[in-house]
Amino acid sequence: MKKFLFATTALVMTAGVAAAEVAVSGDGRMGLIYDGDDVQFSSRARVTFTLTGESDAGLSFGGSFRADQESDYTAGNTGSSRSAARGTAGAVWISGTYGKLSMGDVVGAAEAAIGDLPEVGYTAGEFGGDVEEISFLVGDGENEDQGPTLLYEYTVNNISFYASATDGSNVAGPGVVGRSTDFDPITGDQIDTADTAWSLAAKYEGSNFWAALSYSDNGDDSEIGLAAEGKFNNFAIKGVYMDYSIDSIADADAKTYGLGATYQMDALTVKGFWRRDEVEVAGVDADFDSFGIGADYDLGGGAVLAGGIIDTDYLDDTVADFGIKFRF
């Protein structure tokens, strides 16, 4: 990805040099989305600011956010507010000998170790509802409004350890990070109704494979994750298993099984995934299957031609997209 230097500030002192810089990059896309009934035009352009620096003691630090994440405050907005200015979009981090500590809109420990299934299409799965994305209980999907997520990462030899937590708060309305929109009927004070969520994970990486194990807790709900990926010549095959205990919803239980495969040769990359979600609530079972396949062709210079097809029980139709995406 080609980056342009926006501004550089250098602080020079006696024997040491501490420097910080801000780099500007961007991405864009344009193409077509078939929603099962009609073909729609779809395009976007985004700018990302990446800030990096190093202290006199050798600690690295930085942050990153998109221009559209700086602030989403609107007058009279009483809904959830996500912005880099409030720590709920973008991220900041610091790293050194004892690992890396990140805070903001970062993934939880389980997601950092396991990750998702391959994204297909020029919208990276968005046209199909992002069914390639595995559900995690900490800082992901419907759990994003937990306030800023704290993630710690440390690697020794071939083993990486991850730990994460949220501050146990809802993010409701402009300028009220850490407070919910529920009120005590007697005092009128805002009540924090969200639980502190936390996650632990470990990952072992070999020469051509990795395996990971995770555990997450979010109040009455918990999750155990297992995943592994192997690489053979131009192929990569990944398997994911997630087991959920959702006691907050009528003692519900759920399981997710996922397989992903990627084949890369020169400028061509072919990707596919299968996912099955099994849900049991109050003795009633429901199963959901999702399939996706797509291909990317690298045109060089940051331009990629991409398309994909997704069929999922979560939607009524098979959907597809095709277009070109850019990185600047």
Side-chain angles (χ1 to χ4, degrees), residues 1-4 6 23-50 64-75 77 79-84 88-90 105 115-135 140-142 144-145 258 260-275 288-328:
M1 179 174 60
K2 189 176 181 181
K3 294 184 177 180
F4 299 94
F6 179 74
V24 177
S25 60
D27 64 84
R29 68 190 189 201
M30 57 186 294
L32 304 172
I33 293 177
Y34 173 66
D35 63 7
D37 294 314
D38 301 304
V39 175
Q40 312 260 336
F41 296 141
S42 174
S43 67
R44 78 176 183 194
R46 303 186 300 186
V47 174
T48 300
F49 299 92
T50 302
S64 179
F65 67 93
R66 298 197 310 264
D68 60 305
Q69 294 174 327
E70 188 278 330
S71 176
D72 61 358
Y73 170 78
T74 31
N77 176 20
S80 174
S81 178
R82 298 181 56 75
S83 71
T88 53
D105 183 18
D116 297 311
L117 298 173
E119 297 176 334
V120 302
Y122 95 99
T123 61
E126 291 179 11
F127 70 101
D130 289 321
V131 289
E132 81 288 344
E133 293 190 4
I134 302 300
S135 299
D140 179 58
E142 295 180 354
E144 286 185 342
D145 286 341
T262 302
Y263 173 78
Q264 184 171 6
M265 184 179 66
D266 299 325
L268 177 66
T269 302
V270 180
K271 299 175 286 186
F273 70 87
W274 164 79
R275 170 179 176 170
F288 303 90
D289 287 301
S290 302
F291 304 87
I293 188 169
D296 295 356
Y297 188 83
D298 192 343
L299 301 174
V304 176
L305 194 66
I309 300 173
I310 289 178
D311 182 275
T312 173
D313 291 339
Y314 291 107
L315 301 174
D316 293 332
D317 298 293
T318 299
V319 294
D321 77 352
F322 180 79
I324 187 168
K325 50 188 179 180
F326 317 98
R327 289 201 174 274
F328 306 100

Atom pair [atom1]/[atom2] of [X] and [Y] - distance to nearest 0.5 Å:
X: Arg275; Y: Ile310; atom1: CZ; atom2: CD1; value: 11.0 Å
X: Ser42; Y: Arg29; atom1: OG; atom2: CZ; value: 5.0 Å
X: Asp140; Y: Glu133; atom1: CG; atom2: CD; value: 6.5 Å
X: Asp130; Y: Ser135; atom1: CG; atom2: OG; value: 10.5 Å
X: Ile33; Y: Phe322; atom1: CD1; atom2: CZ; value: 13.0 Å
X: Leu117; Y: Thr262; atom1: CG; atom2: OG1; value: 9.5 Å

Locate the shortest heavy-atom distance separating [X] from [Y]; write the atom from each residue and the value.
X: Phe273; Y: Glu132; result: CE2-CB, 3.8 Å
X: Pro118; Y: Gly260; result: CD-CA, 3.7 Å
X: Lys271; Y: Thr269; result: CG-CG2, 3.9 Å
X: Leu32; Y: Phe41; result: CD2-CD2, 3.3 Å
X: Gly128; Y: Val319; result: CA-CG2, 3.9 Å
X: Thr50; Y: Ser64; result: OG1-OG, 3.8 Å

Under 3.5 Å, side chain of [X] to main-chain N/O of [Y], donor-acceptor pair present?
X: Asp321; Y: Thr123; value: yes
X: Asp27; Y: Arg327; value: no
X: Asp313; Y: Asp289; value: yes
X: Arg66; Y: Arg46; value: no

Response to the item:
Residues passing the ring-ring contact (aromatic ring centres under 6.0 Å, His included) test with Tyr34, sequence neighbours excluded, are none
Fill in: Candidate pair Phe49 and Val24, rule side-chain contact (heavy atoms from CB on, under 4.5 Å), full reasoning
CA-CA 5 Å; Phe49 299 92; Val24 177; 3.8 Å; yes
Worksheet item: Parallel, tilted or perpendicular: which fits the ring planes of Phe288 and Tyr314, with parallel below 30° and perpendicular above 60°?
Response: parallel
Fill in: N-O pairing of Glu126 and Arg44 below 4.0 Å
yes
Item to complete: Kindly check if the number of other-residue, nucleotide or ligand heavy atoms within 6.0 Å of CD1 (Ile309) is above 12?
Response: no
Worksheet item: So does Asp37 have more than 12 non-hydrogen atoms from other groups sitting under 6.0 Å from CG?
Response: yes
Quick one: does [X]'s side chain get under 4.5 Å of [Y]'s, heavy atoms only?
X: Phe291; Y: Val120; answer: no
X: Asp35; Y: Asp317; answer: no
X: Leu299; Y: Ile324; answer: yes
X: Phe65; Y: Thr48; answer: no

Discussion item. Any donor-acceptor pair under 3.5 Å linking the side-chain atoms of Asp311 with those of Thr318?
Written reply: yes
